[in-house]
S.K.: 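Please read through the structure below; I'll follow up with questions.
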Amino acid sequence: MAMPLRQSIKVATYLIEQKLRKRDKFPLIVELEPLFACNLACEGCGKIQHPAGVLKQRMPVAQAVGAVLEAGAPMVSIAGGEPLMHPQIDEIVRQLVARKKYVFLCTNAMLMRKKLDKFTPSPYFAFAVHIDGLRERHDESVAKEGVFDEAVAAMKEAKRRGFRVTTNSTFFNTDTPQTVIEVLDFLNDDLKVDEMMISPAYAYEKAPDQEHFLGVEQTRELFKKAFAGGNRARWRLNHSPLFLDFLEGRADFPCTAWAIPNYSLFGWQRPCYLMSDGYVPTYRELVDDTDWDTYGRGKDPRCANCMAHCGYEPTAVLATMGSLKESLRAARETIGGNR
């Protein structure tokens, strides 16, 4: 686990505060989508299928920042669409960082080098670049040649300027343990990114490609083999140890999607950013008016093959905090990853 020590302490302190206040549902990280527009048309994404009028909309800065403050989470993942297409994305980031929120700006990196001057390096800010494989595989997944090379160049330049650079890699049933190993080795050893996040692909209802999403057993087999031989311990993965156990089938958890809520142009999305069962104007309404017991594997057929971080990473984090053994294990890995 490669989360910076300062961030780990803040998150742990936040979780302890929630426990002391006896709150059973609270946000760990807000998924903020200030626009749906994108400059790519990835086959596995269902976001750009919105009508043209919706794709032209941009969330006002005050609305974006206000939603994060309303929820109160210590971390924010800004996605979309492509957030660097938002004309005031730098101001959204600046205001959140000023409030000491840990901000991850998710991007395909096509505009990243052009926009770097708008941002300032900070321990509270990181670019999270989407990388789904090495050159040929990644460019195929985003349906455009040259994207991988531009993303690599952008990450190198951002690192040179002192920015924290993380990555997010989604894997499909066309992947093998070797393709997972190859891309994570490249990101970890060659590019030396600060952290890497991994996820099995989820079948967005509106995604053009509905044939290449992983099932539960496929996911477990893929990551069990990819993690073998010391890879899991060597890679700077931005996940709790228990979530990595979950991915390879050594542990199982219920879904706690309320801990990583999604806020977009439509409001707070029920129940998570992968499914759309309506929207509400406030986080409190999302928590109080959603029947959470009806979601998750074994409850809703749409959740049958889901092992995504938005539902299961927070469960793993909460399980870690509830166990002295797992807390010490996570602390050891955090300290080891920050040497």
S.K.: Check the hydrophobic clustering (I, L, V, M, F, W, Y; side-chain heavy atoms under 4.5 Å; chains of links allowed) and say if Met110 and Val193 are grouped together.
M.R.: no
S.K.: For Arg23 and Leu20, indicate whether the former's side chain and the latter's backbone hold a donor-acceptor pair under 3.5 Å.
M.R.: no
S.K.: Under 3.5 Å, is there a donor on one side chain and an acceptor on the other for Glu82 and Asn39?
M.R.: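 Their side chains do not contain a donor-acceptor pair, so the 3.5 Å distance test is not met.
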S.K.: Give the C-alpha distance, both sets of side-chain angles, the deciding distance and a yes or no for salt bridge (Lys or Arg N to Asp or Glu O under 4.0 Å) between Arg137 and Asp132.
M.R.: CA-CA 7 Å; Arg137 194 171 195 83; Asp132 282 349; over 6 Å; no
S.K.: Within a 6.0 Å radius of atom NZ on Lys225, are there more than 12 heavy atoms belonging to other residues, nucleotides or ligands?
M.R.: no
S.K.: Report whether Met155 and Met197 are members of the same hydrophobic cluster (ILVMFWY, side-chain heavy atoms less than 4.5 Å apart, transitive linking).
M.R.: no
S.K.: Given Phe246, which partner from the list Tyr312, Phe227, Phe223 fulfils the ring pair (Phe, Tyr, Trp, His ring centres under 6.0 Å) test?
M.R.: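 Exactly one option meets the ring pair (Phe, Tyr, Trp, His ring centres under 6.0 Å) with Phe246, and it is Tyr312.
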S.K.: Check whether more than 12 heavy atoms from other residues, nucleotides or ligands sit under 6.0 Å from atom CD of Glu140, and answer yes or no.
M.R.: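 Not buried by this count: 12 neighbours or fewer within 6.0 Å.
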S.K.: Please determine if Arg236 and Asp194 form a salt bridge, counting it only when a charged side-chain N lies under 4.0 Å from a carboxylate O.
M.R.: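 Asp194 and Arg236: not salt-bridged.
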S.K.: Is the shortest side-chain N to carboxylate O distance from Lys156 to Asp190 below 4.0 Å?
M.R.: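 Salt bridge absent between Lys156 and Asp190.
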S.K.: Taking Asp139 for the side chain and Gly146 for the main chain, is one N or O donor matched with an acceptor at less than 3.5 Å?
M.R.: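 Yes.
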S.K.: For Tyr263, which of Glu33, Gln63, Glu31 qualifies under side chain to side chain donor-acceptor pair (under 3.5 Å)?
M.R.: Gln63
S.K.: Could you tell me how the ring of Tyr102 sits relative to the ring of Tyr124: parallel (under 30°), tilted (30 to 60°) or perpendicular (over 60°)?
M.R.: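 The rings of Tyr102 and Tyr124 sit tilted, inter-plane angle from 30° to 60°.
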S.K.: How long is the span from the CG atom in Asp24 to the NZ atom in Lys22, to the nearest 0.5 Å?
M.R.: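 With rounding to 0.5 Å, CG (Asp24) is 12.0 Å from NZ (Lys22).
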S.K.: Please evaluate residues Asp189 and Arg234 with respect to the criterion salt bridge (Lys or Arg N to Asp or Glu O under 4.0 Å), reporting the C-alpha separation (whole Å), side-chain torsions for both, the decisive distance (0.1 Å), and the verdict.
M.R.: CA-CA 10 Å; Asp189 302 336; Arg234 183 173 58 81; 2.9 Å; yes
S.K.: Minimum heavy-atom separation for Ala259 to Pro314, with atom names?
M.R.: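 Minimum heavy-atom separation between Ala259 and Pro314: CB-CB, 3.3 Å.
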S.K.: At their closest point, which heavy atom of Cys38 faces which heavy atom of Gly81, and how far apart are they?
M.R.: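 Shortest heavy-atom contact: CB-CA, 4.1 Å.
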S.K.: Test salt bridge (Lys or Arg N to Asp or Glu O under 4.0 Å) on Arg94 and Glu91; report intermediate values, then the result.
M.R.: CA-CA 5 Å; Arg94 188 191 68 77; Glu91 183 61 17; 2.7 Å; yes
S.K.: Could you state whether Val287 and Met75 fall into the same hydrophobic cluster, counting links through intermediate Ile, Leu, Val, Met, Phe, Trp or Tyr residues with side-chain heavy atoms under 4.5 angstrom apart?
M.R.: yes
S.K.: Under the criterion salt bridge (Lys or Arg N to Asp or Glu O under 4.0 Å), which of Arg232, Arg220, Lys224 is the partner of Glu248?
M.R.: Arg232
S.K.: Is there a continuous path of hydrophobic side-chain contacts, each under 4.5 Å between heavy atoms, that joins Phe253 to Trp292?
M.R.: yes
S.K.: Has Thr315 got a side-chain atom pairing as donor or acceptor with Pro254's backbone, closer than 3.5 angstrom?
M.R.: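 Checked: pair present.
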S.K.: Closest heavy-atom contact between Cys106 and Pro83?
M.R.: O-CG, 2.8 Å
S.K.: Taking the inter-plane angle between the rings of Phe266 and His50 on a 0 to 90° scale, is it parallel (under 30°), tilted (30 to 60°) or perpendicular (over 60°)?
M.R.: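 Ring orientation of Phe266 relative to His50: perpendicular.
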S.K.: Report yes or no: do Met59 and Val280 belong to one cluster of Ile/Leu/Val/Met/Phe/Trp/Tyr joined by side chain heavy-atom distances under 4.5 Å?
M.R.: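 Yes, Met59 and Val280 fall within the same hydrophobic cluster.
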S.K.: For Phe172, does its backbone N or O pair with a side-chain atom of Asp175 as donor and acceptor, under 3.5 Å?
M.R.: yes
S.K.: For the ring pair Phe163 and Phe119, is the centre-to-centre distance below 6.0 Å?
M.R.: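 When the ring centroids of Phe163 and Phe119 are compared, they turn out to be at least 6.0 Å apart.
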S.K.: Would you find a donor on one side and an acceptor on the other, under 3.5 Å apart, between the side chain of Gln269 and the backbone of Ser264?
M.R.: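 The answer is no, because no donor-acceptor pair under 3.5 Å joins these two groups.
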